[in-house]
Amino acid sequence: MDRIRIRGGRPLSGEIKVGGAKNAALPLMVAGLLTDQRLILSNVPRLADVQTMTLLLQQHGIAVDPITDDGRNLSLGGAISNTEAPYDIVRKMRASFLVLGPLLARVGEARVSLPGGCGIGARPIDLHLKGLEQLGARIVLEGGYIDARVHGRLKGATSVVPFVSVGATENLLMAASLAEGRTVLANAAREPEIGDLAAGLVAMGARIDGIGSDTLTIDGVDRLHGAEHAIIPDRIETGSYACAAAISGGSVFLRDARLDHLGATVRILREAGVDIVEEPDGLMVKRLNGLHGADVMTEPYPGFPTDMQAQFMVLATRARGQSVITETIFENRYMHVSELSRMGADIHVDGRTSVIRGVKRLTGAKVMASDLRASAALILAGLVAEGTTDVLRVYHLDRGYEKIEKKLQKLGADVKRAKDV
Ligand code: UD1
C-alpha cells in the first residue's frame, strides 16, 4: 500500500487543471446501459472508481474503450449479456448500485448485490428500492442480493422521497427515462452532477423537464440513442485545492473550475477569508489576510457539501477563532478528527457537531486515512504542519483525486508517494 509523505510549510502557487467530476462520470458511464448505440464521454477523470465502473459495465456486456491516448475520452456500447452486479464490485464502490434502475428499464431484470455499510455510515438504499417499486418493479432480497424484475416496461409514477438522495435521484432518473409515461421525481437532489447526468440523458433522447430544480419530470421514451457528452469539472476537487491554497497562504489558479457549481462552498470560504475570483477559464484562489473561523452545516446542494467537510475542518484548525461544523448527511463522518488531533488540532466532537478552535501550529505525524475525503484533509493538514507528515493507506485517495501528489508538486509542495514498508 502507498503512503504520501509531505514536508509542510510551503505556500502553494501556480496553476493546475481541475479534472472531470467523479460523481458525474460514474452515473454517466452507467447511462451506457440505457442504449445499444455508442455513448461517447469526454473529460472522464482517470480514477480507481472509473476503473471499477469499467469492470462492472464490462461484465454486464458493455465494452468501455478509451478513444484518446490520455484515456479521458471513453466510448461505451454493446448489448447487455449479464444482469448481475456482483458483491465483489459493489462492495468496493457503492455507485455500482446505480446499475439497478437502468438494467430494469432496459431488460426487465437485475440482480444487484446490496452494498452494505461503509466507513462513513450505514448508507441504506431503501429510497432507490421504494422508487423503483413505485415504477412497477417487484423487488426481493435474497442472499445479500436485490432481485428486481418487471413485466413489460416500468410505468411512470410520482415519487416523493422523505429526504434528498443523490444516488436514488440518479437511479430513478435513468429508469424513468425508458419507462412508459410520465414520472415526477419530487424532492429530487439538485447537485450539479445530477444536472450533468440529465444533460447526458437528454443528449441521448430522454425527455426531462426541471433540470437543476428539485422536481424532475420525465416523459419516458421507447429507446435512447447514442450521444456525445463532456463531463463537468469536479467541484469537490476544486474546493479541496481552494482550501489547500488558502491554508498554505498561497495563490493558485484552478483551470476549468466553475464558480456556479460551488453552491455554499464559495460563500463559506469567502467568509473564512479566502479570496476567490472568477476568471473566464477558471478560478483564482488566494488567502487575503488571516483566516477566520466560520460555522458550517452540511446539506444537500446548494448547501455546503458533506464531501468538503473534512477539508474545511483543516482550514478551520488554522483560522483565528472558533468554527462549528454540523454534519447532517452521514452519521460517522468525523474519522479524520482523531488524526488531526494527533497533529495538534483542537477539535471537540459532540454527536453531529464539532467545535474547532484555531491553533497556532500543527505538527507533522504519521496518520491513517480512513475514507476518500478524510485522506484529502490529512494531506491538506500535512501541507501546513511543521515537519513531516506521513499519510498512510492512501488507496482511498486514488478513488477520487487524480494524481494529487503530482498536482501539489506542480504548485510547489514538498510531497511524494512512497511504498509502505
Ligand atoms: C453521493 C455521492 C457522495 C456524497 C453524497 C452526499 C456519488 C457517487 N456519491 O452519495 O460522494 O457524499 O452523495 O452528497 O455521487 N440514504 C438513505 N436511503 C437511501 C439513500 C440514501 O437513507 O436509499 C441516506 C444516506 O445514508 C445519507 C443521505 O441519505 O445519509 C444522503 O445520501 P445520498 O445522497 O444517497 O448519497 P450517495 O448517493 O450514496
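In listed order, ligands and their atoms are each counted from 1.
- Within the 3.5 Å criterion, the main-chain N or O of D147 finds no donor-acceptor partner in the side chain of E142.
- Using a 4.5 Å heavy-atom threshold, the side chains of F312 and L269 count as touching.
- Using a 3.5 Å distance cut-off with no hydrogens or angles, the side chains of E228 and S42 do not pair a donor with an acceptor.
- For the residue pair R235 and T265, no side-chain donor N or O sits within less than 3.5 Å of a side-chain acceptor on the partner.
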Taking a 3.5 Å cut-off between nitrogen or oxygen atoms, can you list every pair linking ligand 1 to the protein, with distances?
unit_1   : atom_1 : unit_2 : atom_2 : d
ligand 1 : 10 (O) : R123   : NH2    : 3.3
ligand 1 : 11 (O) : N23    : ND2    : 3.1
ligand 1 : 11 (O) : D307   : OD2    : 2.6
ligand 1 : 12 (O) : D307   : OD1    : 2.6
ligand 1 : 12 (O) : D307   : OD2    : 3.3
ligand 1 : 15 (O) : N23    : ND2    : 3.3
ligand 1 : 18 (N) : P124   : O      : 3.2
ligand 1 : 18 (N) : D126   : OD1    : 2.7
ligand 1 : 23 (O) : P124   : O      : 3.3
ligand 1 : 23 (O) : D126   : N      : 3.1
ligand 1 : 23 (O) : D126   : OD1    : 3.3
ligand 1 : 23 (O) : L127   : N      : 2.7
ligand 1 : 30 (O) : I329   : O      : 2.5
ligand 1 : 34 (O) : V166   : N      : 2.7
ligand 1 : 35 (O) : S165   : OG     : 2.6
ligand 1 : 38 (O) : G167   : N      : 2.8
ligand 1 : 39 (O) : R123   : NH2    : 2.9

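- Ion pairing between K419 and D2 holds under the 4.0 Å rule for side-chain N and carboxylate O.
- Closest non-hydrogen pair, M174 versus P27, comes out as SD-O, 3.8 Å.
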